[in-house]
Amino acid sequence: MSKKETNSTEKKKGKLKKILLIILLIIVVPIIVFFGYRFISTKISKSNSEKFNNNLNELAKERIDYVFIEINPSLVLTVKDNKVEDISCLNDDCMTIYNELNVKGKNINESIDTIYNKSKEKGFDTSKGVKLSSSDTINVEKKDYITIEYIDITKEKELLNEVKNNEDIKNVDNGSYYNKLWEELKKDSGYDNVYSCSMNDNKELECHFTNEFLNKGPKVNGDKIDYGCNSESSCERLENDMTKDVINTFKKFDIKTDKDSVIIDTMNYSYRMVDEGSSNYVNVLYRSVSESVSVPQKLCDYGYYAPSKNGKCEAENVTEYRIPLDKINLVKPSMSLVSQIVKKSSSSENIDKALEQFNKDNG
């Protein structure tokens, strides 16, 4: 091959390399930019989310909550940042030990122990343990003698009317806290899209999932469900997206979650876009509890019921809990349990019917 031909071939190879390099850059650069953007965007989003949550957690330390304690002595505490701010009696038994209850400034758990032990020391009947009531989540240690009940604002006011001393405890004002919280929430990208807030008549902030968000999912039309999606795959994508938004929203309000579950008062509720049963529910938090219930032995003996695996005459009873998302106040989700929808299985009813039939058949 001549020198001229060799040079020509090398020039063609050089041009081909340049063309291939350009093509490679055209393909690779957008990929690098795309994934680089996603990486940076994810980092920024995560950082902003952490900053937002930290701000809300700091604000929460300013909130003052009422905690009502019933043993035999009954009293009420105000709690701020998990410490007792003030104390007042709700009955005469409490008045006899009030001056000995040195709990102001102490941790709520330590304070409950102090009140319980002092009641026992003074000879009060503590066999039923300690019952705590509040309209908000109570951060207390789990103990066998402690039970927790969540009450609404109406019940809270009724209990405060029973105050025997220290009337100033009724004058808790969280107005400043709620205004600051509201201003912070308005900075969130989900505000007005996934949830929104308003101040109620009691000057307390309430935040709820928006109709705009809930209407993305299915709707009940009479006895039918309009799924809001056209295929199984699109419905699955919609449910995954809505589940993600629901879980992330609860997290923003410092409500514990576990993968795809929301934990309210130590109980796990899963989000269900559609919950089909004897009744149709959409957009609910759902949980079920199974338990064995005893069946009269004669019903098993005569074949009305088959003995369980352990040989006992019993049946399974399932209690199902549903909380509609539109009923949940994200600021105080525990209160939503007061109005939760409860649907029980018919096992107990079926046992009664079987027993009635047995009695008829056997005279």
Please report the closest heavy-atom contact between [X] and [Y], naming both atoms and the distance.
X    : Y    : value
V331 : D136 : O-OD1, 4.2 Å
V130 : Y116 : CG2-CD1, 3.4 Å
C235 : M273 : O-CE, 3.8 Å
C94  : S74  : CB-O, 3.3 Å
I64  : K80  : CG1-CD, 4.0 Å
I169 : Y66  : O-OH, 2.6 Å

Hey, are the side chains of [X] and [Y] touching, using non-hydrogen atoms and a 4.5 Å cut-off?
X    : Y    : answer
L330 : F209 : yes
Y321 : V289 : yes
E110 : V84  : no
L75  : I115 : yes
P73  : S119 : yes
V262 : Y271 : no
V163 : L90  : yes
I112 : L132 : yes

Inset, instruction - Go through D260 and T243 one step at a time and tell me if the side chain to side chain donor-acceptor pair (under 3.5 Å) criterion holds. - result: CA-CA 7 Å; D260 293 336; T243 298; over 6 Å; no
Inset, instruction - Run the numbers on D173 and K203 for side-chain contact (heavy atoms from CB on, under 4.5 Å), then give the verdict. - result: CA-CA 9 Å; D173 183 5; K203 297 183 179 179; over 6 Å; no
Short side-chain to backbone donor-acceptor contact, [X] and [Y], under 3.5 Å:
X    : Y    : value
D245 : V194 : no
N174 : Y178 : no
D81  : K83  : no
K252 : N248 : no
T126 : K120 : no
N329 : C207 : yes
N165 : C89  : yes
S261 : T257 : no
K106 : N102 : yes
S134 : V67  : no

Inset, instruction - For the pair D188 and Y195, evaluate side chain to side chain donor-acceptor pair (under 3.5 Å) and give the outcome as yes or no after the intermediate values. - result: CA-CA 10 Å; D188 179 29; Y195 69 94; 2.8 Å; yes
Can [X] and [Y] be counted as an ion pair, charged N to O under 4.0 angstrom?
X    : Y    : result
R63  : D65  : yes
E100 : K122 : yes
K118 : E121 : yes
K128 : E70  : no

Check whether the side chains of [X] and [Y] place a donor and an acceptor atom closer than 3.5 Å, and report yes or no.
X    : Y    : value
N179 : E183 : no
S234 : S231 : yes
K61  : N82  : no
D86  : T78  : no
D113 : Y145 : yes
K332 : S135 : yes

Would you say [X] has more than 12 foreign heavy atoms packed within less than 6.0 Å of its [atom1]?
X    : atom1 : answer
K219 : NZ    : yes
K170 : NZ    : yes
E167 : CD    : yes
K312 : NZ    : no

Legend entry - Working for side chain to side chain donor-acceptor pair (under 3.5 Å), residues S133 and E149: CA-CA 5 Å; S133 301; E149 175 188 38; 3.3 Å; yes
Inset, instruction - Could you check N240 against R237 for side-chain contact (heavy atoms from CB on, under 4.5 Å), going step by step and ending with a plain yes or no? - result: CA-CA 5 Å; N240 288 338; R237 285 195 301 272; 5.6 Å; no
Inset, instruction - Would you check, one step at a time, whether the test side chain to side chain donor-acceptor pair (under 3.5 Å) holds for D168 with N166? - result: CA-CA 5 Å; D168 289 342; N166 190 17; over 6 Å; no
Inset, instruction - May I ask you to decide if the ring planes of Y302 and F358 are parallel, tilted or perpendicular, using 30° and 60° as cut-offs? - result: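 Geometry flag for F358 against Y302: perpendicular rings.
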Inset, instruction - Could you please spell out the steps behind the side-chain contact (heavy atoms from CB on, under 4.5 Å) verdict for V318 and E291? - result: CA-CA 6 Å; V318 180; E291 59 181 351; over 6 Å; no
Inset, instruction - Give, for atom CG of D326 and atom CG of N211, the distance between the pair rounded to the nearest 0.5 Å. - result: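 Answer rounded to 0.5 Å: 7.5 Å.
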Legend entry - R287 charged N/C atom sitting above Y269 aromatic ring, 6.0 Å / 45°: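 Ring-cation test returns yes.
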Inset, instruction - Measure from NZ or CZ of K180 to the centre of the six-membered ring of W182 and say whether it is under 6.0 Å with the direction within 45° of the ring axis. - result: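 Judged by the rule (NZ or CZ under 6.0 Å from the ring centre, within 45° of its axis), K180 is not positioned above W182.
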Inset, instruction - For salt bridge (Lys or Arg N to Asp or Glu O under 4.0 Å), just list the numbers for R322 and E320, CA-CA rounded to whole Å, side-chain angles, deciding distance to a tenth of an Å, and then say yes or no. - result: CA-CA 7 Å; R322 295 175 177 84; E320 298 177 339; 3.0 Å; yes
Inset, instruction - Under the side-chain contact (heavy atoms from CB on, under 4.5 Å) rule, what do T210 and F213 come out as? Steps first, then yes or no, please. - result: CA-CA 5 Å; T210 64; F213 171 71; 3.4 Å; yes
